[in-house]
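Here is the structure we will look at.
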Amino acid sequence: MQGLLQAVRSCREKLRLAVLGQSQARNAGQFKGSKDIVVMESPRTQLKGLENTTVSDVLMTKGGEKAGSWLCCKMDDTVYDAVKQMAQNNIGSLVVLKPGDHHQIAGIITERDYLRKVIVQDRASKYTRVGDIMTDQSKLITVASDTNILQAMQIMTENQIRHVPVIDRKIVGVVSVVDIVRAVVEQQRGEVKQLNEFIRGNYY
């Protein structure tokens, strides 16, 4: 993921230099023979930009602001039921909630927990409780909804995790590496399209 971060920054710099070169060339041709050189400003981007895109934006694209849009389980659920729920919803983790509270997180259970703590240890998933193998709240790495997505990606990279609960005093959602990468790709695609339009002269 560190390589992806570097690739994103490198791509943006190359695009910036390409647009600058096109703009300078266009200006030189447009004002050839004139004593006064006019420098045209590049169009103000309508995209938020990666530096201004937050985890909250990612949650909104996946419906994370709607109640119940993130999936959860309870500490006393069986691992079998939790893994079945993950498989049915094509996700890799479940938030584990504290008993009797639908917004206070107790931990998280992931596919990795299942593989390392159940399969490898030859435990029976139908008789093992989620609370026995989950990553406890005290060891849980979280982000806030206003965390920048590049910062979130850095946190995941440094801690070698793929799922991060989003907490603003209470649980508001979960973002994964896939969610973050998708947001980066969409942002880059929009920037490339806008820069291409600028180079072709669609801006004035």
Side-chain angles (χ1 to χ4, degrees), residues 1-5 8 50 53-185:
M1 196 181 300
Q2 189 68 32
L4 177 61
L5 273 171
V8 167
L50 292 176
T53 304
T54 65
V55 169
S56 178
D57 298 319
V58 176
L59 287 178
M60 291 180 68
T61 62
K62 57 184 290 190
E65 296 297 323
K66 299 178 181 178
S69 59
W70 42 270
L71 298 172
C72 61
C73 63
K74 299 177 181 178
M75 294 178 64
D76 58 355
D77 287 346
T78 66
V79 172
Y80 175 84
D81 289 334
V83 173
K84 183 178 180 181
Q85 186 178 359
M86 283 190 262
Q88 289 175 339
N89 292 280
N90 194 31
I91 56 176
S93 68
L94 289 175
V95 171
V96 185
L97 300 179
K98 292 181 178 180
D101 196 323
H102 297 296
H103 292 97
Q104 294 301 319
I105 189 170
I108 190 172
I109 180 174
T110 67
E111 294 171 330
R112 185 179 299 178
D113 292 323
Y114 173 65
L115 292 173
R116 291 182 176 181
K117 302 174 185 178
V118 176
I119 298 299
V120 173
Q121 296 181 20
D122 198 27
R123 299 168 71 174
S125 62
K126 289 188 176 182
Y127 300 102
T128 304
R129 299 296 174 183
V130 168
D132 296 332
I133 70 165
M134 70 179 187
T135 300
D136 188 78
Q137 179 189 11
S138 61
K139 300 178 181 179
L140 198 59
I141 296 170
T142 65
V143 295
S145 61
D146 61 354
T147 302
N148 176 268
I149 61 170
L150 293 179
Q151 183 182 355
M153 184 182 291
Q154 186 71 32
I155 290 172
M156 291 189 216
T157 301
E158 292 175 351
N159 293 280
Q160 298 182 347
I161 55 178
R162 295 178 294 171
H163 307 88
V164 178
V166 183
I167 297 180
D168 295 333
R169 294 187 179 179
K170 61 182 181 180
I171 178 74
V172 295
V174 177
V175 292
S176 67
V177 168
V178 174
D179 298 328
I180 298 295
V181 171
R182 183 182 294 117
V184 170
V185 170

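Computed from heavy atoms alone, side chains included, the values below leave out hydrogens, waters and symmetry copies.
Taking CD1 from I91 and CD from Q85, the interatomic distance works out to 6.5 Å, rounded to the nearest 0.5 Å.
Counting heavy atoms from C-beta on, the side chains of M75 and P99 come closer than 4.5 Å. Taking 4.5 Å as the limit, every side-chain heavy atom of R162 sits out of range of all side-chain heavy atoms of S176. Contact of the T78 side chain with the Y127 side chain is not registered, since no non-hydrogen atoms from C-beta on lie closer than 4.5 Å. Counting heavy atoms from C-beta on, the side chains of V79 and R123 never come closer than 4.5 Å. Side chains of V166 and V175 form a contact here, defined as non-hydrogen atoms less than 4.5 Å apart. V184 has its side chain out of reach of V181: every pair of non-hydrogen atoms, C-beta onward, lies at least 4.5 Å apart. Counting heavy atoms from C-beta on, the side chains of V143 and Q151 never come closer than 4.5 Å. You'll find the side chain of V83 stays beyond 4.5 Å of the side chain of S125, heavy atoms only.
Salt-bridge annotation for R182 and D179: present, with a side-chain N of the basic residue lying under 4.0 Å from a carboxylate O of the acidic one.
In this structure, R129 contributes its side chain and D76 its backbone to a donor-acceptor pair below 3.5 Å.
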I'd like to know whether T135 forms a side-chain contact (heavy atoms from CB on, under 4.5 Å) with D113, so could you lay out the CA-CA distance, the side-chain angles of the two residues, the decisive distance to 0.1 Å, and finally the verdict.
CA-CA 8 Å; T135 300; D113 292 323; 3.6 Å; yes
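Every pair tested for salt bridge (charged side-chain N to carboxylate O under 4.0 Å, His left out) that includes a residue from residues 86-96 fails, sequence neighbours excluded, so the list is empty.
Among the candidates V95, L97, L94, the single residue satisfying the side-chain contact (heavy atoms from CB on, under 4.5 Å) test with C73 is L94.
Within a 6.0 Å sphere centred on CD of Q88, other residues, nucleotides and ligands contribute more than 12 heavy atoms.
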